[in-house]
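Notes for the one structure printed next.
These figures come from a predicted structure and were not determined experimentally. Convention: sequence-line order gives letters A, B, ...; per-chain numbering from 1.
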There are 2 protein chains.
Amino acid sequence: MARRRPLTGCGLEAALAVVGGKWKPIVLWNLAGTPRRFGELRRLVEGISEKMLIQQLREMEADGIVSRTDFREIPPRVEYALTEFGVSLAEALRPLCEWGTAHVARIEARRAEVVSAR
Amino acid sequence: MARRRPLTGCGLEAALAVVGGKWKPIVLWNLAGTPRRFGELRRLVEGISEKMLIQQLREMEADGIVSRTDFREIPPRVEYALTEFGVSLAEALRPLCEWGTAHVARIEARRAEVVSAR
DNA sequence: CCGTATCCTCTACGATACTG
DNA sequence: CAGTATCGTAGAGGATACGG
């Protein structure tokens with residue numbers, strides 16, 4: 001992610017600094033509506049490594065869109081959830097999400113062309 | 001960008017595959033409302049190299065959100081504009097854009113902390 | 001003016017092993 | 001269960017020079 005560049009123009013860059021990247025959208029998506037435990041997320045977000053998951057969660061926590069609750073039990077139990085701020089982001093994301101859903105086929109098709117072109 | 005991974009879950013990944021990255025949001029933003037010439041874009045999108053600009057434009061063209069018009073004049077004159085598809089994307093992007101604008105200060109503050117932390 | 005062609009850097013992301 | 005610690009890699013992005 002481009003962390004040091006000042007976020008200019010419209011707020012898109014600021015927003016993308018928070019939800020951009022390979023995993024954050026999926027993590028956010030899986031936290032929408034309900035809190036999740038770490039291991040639960042790891043299973044839900046297919047293909048993610050523990051390192052990446054924890055890293056993304058920490059960043060989202062630092063950005064104030066995710067909260068972490070350690071129940072201090074044994075065995076360990078930690079829950080992640082969207083903050084109010086995170087929920088507001090999810091709301092703002094919805095139209096884009098729907099746009100994507102509506103056009104996945106089209107997008108994937110073009111991508112496939114590019115790949116087969118080489 | 002993660003080009004080969006299948007786009008799963010909600011459409012967010014599909015959408016981000018199209019507007020994600022460092023430059024595309026800004027380029028899109030600068031094309032919103034009016035067509036732009038290449039050199040014009042290069043000046044508007046501050047800091048971008050010609051290589052990056054043309055690359056992003058080509059990808060956006062391949063994704064069908066931008067159209068390229070070569071007027072075949074001398075000196076050369078080429079115009080880039082959003083397609084209808086591109087406009088629909090820009091629409092879908094607006095809430096996120098506004099969310100970002102509303103919270104830039106907060107986001108940048110956290111980022112500053114992180115940087116100063118090392 | 002509108003690009004291409006190279007070469008290079010940097011970092012996001014991945015694989016693996018280990019711990020309280 | 002919920003993480004840390006390392007090491008390694010691919011590709012996004014940057015710098016510079018040249019071409020129609």
Find the distance [X]:[atom1] to [N]:[atom2] and express it as a whole number of Å.
| X | N | atom1 | atom2 | answer |
| --- | --- | --- | --- | --- |
| B:R36 | C:dC2 | CZ | P | 14 Å |
| B:E59 | D:dG13 | CD | C1' | 11 Å |
| B:Q56 | D:dG13 | CD | P | 6 Å |
| A:F71 | D:dG3 | CZ | C1' | 17 Å |
| B:I74 | C:dG3 | CD1 | C1' | 14 Å |
| A:E50 | C:dC18 | CD | C1' | 11 Å |
| B:R72 | C:dC2 | CZ | C1' | 13 Å |
| A:I26 | C:dC13 | CD1 | P | 11 Å |

| said: Check this for me: A:E73, atom CD, are more than 12 non-hydrogen atoms of other residues, nucleotides or ligands nearer than 6.0 Å? | reply: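 Counting neighbours around CD of A:E73, more than 12 heavy atoms of other residues, nucleotides or ligands fall under 6.0 Å, so yes.
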| message | How about CZ on A:R94, more than 12 heavy atoms from neighbouring residues, nucleotides or ligands closer than 6.0 Å, or not? | response |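 No, not enclosed.
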| query | Does a nitrogen or oxygen in the side chain of A:R58 sit under 4.0 Å from OP1 or OP2 of D:dG3? | reply |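 Result: yes.
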| said: If the cut-off is 4.0 Å, is B:R77 near the phosphate of C:dC2, judged by side-chain N/O to OP1 or OP2? | reply: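 Indeed not, no polar side-chain atom of B:R77 lies that close.
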Given [options], identify the nucleotide with an atom nearest to the side chain of [X].
| X | options | value |
| --- | --- | --- |
| B:M52 | C:dG3, D:dT4, D:dG13 | D:dG13 |
| B:W23 | D:dA2, D:dG14, C:dG3 | D:dG14 |
| B:K51 | D:dG3, C:dT6, C:dC1 | C:dT6 |
| B:I54 | C:dG3, D:dC1, C:dC1 | C:dG3 |

How would you label the contact of [X] with the nucleic acid (heavy atoms, under 4.0 Å): base, sugar-phosphate, or nothing?
| X | answer |
| --- | --- |
| A:Y80 | sugar-phosphate |
| B:R68 | sugar-phosphate |
| A:R42 | nothing |

| request: Mind listing the closest non-hydrogen atom pair of A:C97 and A:W29 along with its distance? | output: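 Closest approach of A:C97 to A:W29: SG-CZ3, 4.0 Å.
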| task | For a side-chain hydrogen bond (donor to acceptor under 3.5 Å, both in side chains) with A:E40, tell me which candidate from A:R42, A:R37, A:R36 qualifies. | result |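 Considering A:R42, A:R37, A:R36, a side-chain hydrogen bond (donor to acceptor under 3.5 Å, both in side chains) with A:E40 is found only for A:R36.
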| request: Assign each of A:F38 and B:P76 to its nearest nucleotide of DNA chain D by heavy atoms, then name whichever residue's nucleotide is nearer the 5' end. | output: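 Closest to the 5' end, via its nearest nucleotide, is A:F38.
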| said: Ring-plane angle category for A:H103 and B:F85, please: parallel below 30°, perpendicular beyond 60°, tilted otherwise. | reply: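 The arrangement is perpendicular - the two ring planes meet at more than 60°.
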| task | Could you say whether A:S49 or B:E79 is positioned toward the 5' end of DNA chain C, judged by the nucleotide with the nearest heavy atom to each? | result |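 Checking each residue's closest nucleotide, the 5'-ward one belongs to B:E79.
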